[in-house]
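Since the structure comes first, as structure tokens, the remarks are kept for the end.
Both ligands and their constituent atoms are indexed starting at 1 by order of listing. All values below come from the heavy atoms of this structure, side chains included, with hydrogens, waters and symmetry mates left out.
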Amino acid sequence: MNPTEVKKVKALLSKPKNSVIVTHWSPDGDAIGSSLGLYNYLVKKDHNVTVITPNDYPSFLDWMKGEKKILDFQKKGSAAKKLVAKADLIFCLDFNSLKRIDKLGDEVSASSAIKFIIDHHLQPEDFADYMLHSVAACSTCELIYDFISLMGDKKLLDKDIANCLYTGIMTDTGSFRFPSTTAKTHLILSDLIKAGAENAAIHNRIYDDNTESKLKLLGFCLNEKLRVLPEYRTAFFSLSAEELKRFDYKKGDTEGVVNYALSIAGIRFAAFLVERDGIIKTSFRSKGSFDVNKFARAHFSGGGHANAAGGMSELSLPKTIDKFVSLLPQYEKQLHAKK
Ligand code: 5GP
Ligand code: MN
């Protein structure tokens with residue numbers, strides 16, 4: 001947003017409006033943290049706000065202020081449709097393409113509301129009136145902090161907003177360890193803690209909320225499902241629907257598993273292929289210059305960031321695995337690049 005746009009948006013927010021916040025399919029910590037961070041800020045400015053998610057999200061995110069009021073489009077479709085249709089403002093957070101919000105995308109597209117994209121994914125589509133977009137931002141939560149600052153409202157930061165924003169920064173940076181973490185990120189975290197973010201408690205709520213079956217599923221992945229292909233500096237896991245069922249899979253139970261494959265010394269490219277909701281969902285992670293956003297776009301109808309992306313496959317799980325493995329030789333040189 002340029003200074004003229006900032007002025008216009010300040011004017012828009014100065015009077016209560018009907019606002020809707022939407023975020024991406026299978027919301028993660030940054031999606032829910034940024035949505036509820038913005039929600040709590042707009043509520044403080046007396047707006048009438050609703051957060052709508054395209055589907056459900058993991059239970060380790062269910063403690064944030066405002067979470068109980070989130071509308072799940074899959075469960076409350078008609079109420080959500082009405083709110084989108086009569087919204088004055090729609091904020092699209094942590095996604096770059098309406099495809100990422102599934103059927104909710106048609107409703108957002110049809111609504112005459114003024115639309116915002118606040119996001120940090122590569123190659124955003126052009127469907128909004130205002131955009132606060134930076135691929136340099138570690139998370140959408142960082143951009144919500146920037147948005148509140150641009151509105152001249154840093155004084156409104158409080159414990160509830162800070163807890164939400166801290167959560168998204170923490171989860172999207174792998175607890176402040178990915179290269180996206182900058183000095184600015186830490187300055188923002190410092191401000192959030194000053195505003196009341198309960199940093200130690202948040203780490204406990206997110207990372208120490210495991211069930212026994214989740215840990216056993218992780219053990220199964222590590223013990224029996226890890227495939228390492230040192231010739232391509234690649235390691236991956238795959239899980240069938242039957243295996244998920246065997247371990248009483250709940251949403252969020254496989255989040256982060258892909259990072260174990262990437263943690264092997266010498267591995268540059270990691271993948272996680274899982275049979276869920278009748279398709280194969282793919283997660284890709286990389287270290288260094290190997291661009292998984294490009295890989296996901298080219299072969300798995302997906303996208304994301306250069307070092308973390310996702311996509312899908314309509315082939316069976318064994319065929320998806322074959323496809324993945326057969327793609328590797330063409331990337332051999334890139335995977336062995338020095339950087
Ligand atoms: P994850 O592997 O954790 O699901 O996603 C990694 C990153 O890629 C996240 O930033 C996520 O928003 C993005 N992503 C995941 N799946 C897709 C997809 O199907 N399409 C696009 N464009 N991005 C995705
Ligand atoms: Mn994000």
Do R205 and T167 meet the criterion of a side-chain donor-acceptor pair at a distance under 3.5 Å?
no

Between R285 and ligand 1, find which residue part has any heavy-atom pair under 4.0 Å and reply side chain, backbone, both or neither.
side chain

With a 3.5 Å distance limit and no angle check, can you tell me whether N55 reaches the backbone of W25 through a side-chain donor-acceptor pair?
no

With a sphere of 6.0 Å drawn around NZ of K216, does it hold more than 12 non-hydrogen atoms of other residues, nucleotides or ligands?
no

May I ask you to list the atoms of ligand 1 that are less than 4.0 angstrom from any heavy atom of G304?
8 (O), 13 (C), 23 (N)

Just so I know, are the side chains of T171 and D28 near enough to count as touching, which here means a heavy-atom distance under 4.5 Å?
no

With a 3.5 Å cut-off and no angle check, do the side chains of D94 and H120 form a donor-acceptor pair?
yes

Give me the atom names and distance for the closest heavy-atom approach of C164 to N40.
SG-ND2, 3.8 Å

Just to check, does K281 reach to within less than 4.0 Å of ligand 1 when the distance is taken from its heavy atoms?
yes

Nearest protein heavy atom with distance in Å, relative to atom 9 (C) of ligand 1
H121 NE2, 3.8 Å

Run the ring-ring contact (aromatic ring centres under 6.0 Å, His included) check on F284 and F300 step by step: do they pass?
CA-CA 10 Å; F284 303 112; F300 291 95; 5.4 Å; yes

Polar proximity ligand 1 side, T282 side, N/O cut 3.5 Å exclusive:
no

E125 and S97 side chains, donor-acceptor separation under 3.5 Å:
yes

The atom name of the N, O or S atom in D30 nearest to the Mn ion (ligand 2) is OD2

Could you establish whether A308 and ligand 1 come within less than 4.0 Å of each other, counting only heavy atoms on the residue side?
yes

Applying a 4.0 Å heavy-atom criterion (strictly less than), which segment of H305 is in contact with ligand 1: side chain, backbone, both, or neither?
side chain

Once rounded to 10°, what is the value of the angle centred on the Mn ion (ligand 2) between H120 NE2 and D94 OD1?
90°

Could you check atom 19 (O) of ligand 1 against the protein and tell me its nearest heavy-atom contact, residue, atom and distance included?
G311 CA, 3.5 Å

The closest protein heavy-atom partner of atom 4 (O) of ligand 1 is S283 OG, 3.8 Å

May I ask you to check if any N/O/S atom from D172 comes under 2.8 Å of the Mn ion (ligand 2)?
yes

Atom 15 (C) of ligand 1 has as its nearest protein heavy atom G310 CA, 3.4 Å

Nearest-option assignment for atom 23 (N) of ligand 1, heavy atoms, candidates A271, S301, G303
G303

Assess the pair Y260 and F237: is the distance between their ring centroids shorter than 6.0 Å?
no

Enclosure of E224 CD (heavy-atom neighbours >12, cutoff 6.0 Å):
yes

Taking NZ, NE, NH1 and NH2 as the nitrogens, is one of them in K44 or D160 under 4.0 Å from a carboxylate oxygen of the other?
no

Check for me whether R100 has a heavy atom closer than 4.0 Å to any atom of ligand 1.
yes

Please check whether F284 reaches ligand 1 - meaning an N/O of the residue sits under 3.5 Å from an N/O of the ligand, judged on distance alone.
no

Please state whether the separation between the Mn ion (ligand 2) and some N/O/S atom of D119 is under 2.8 Å?
no

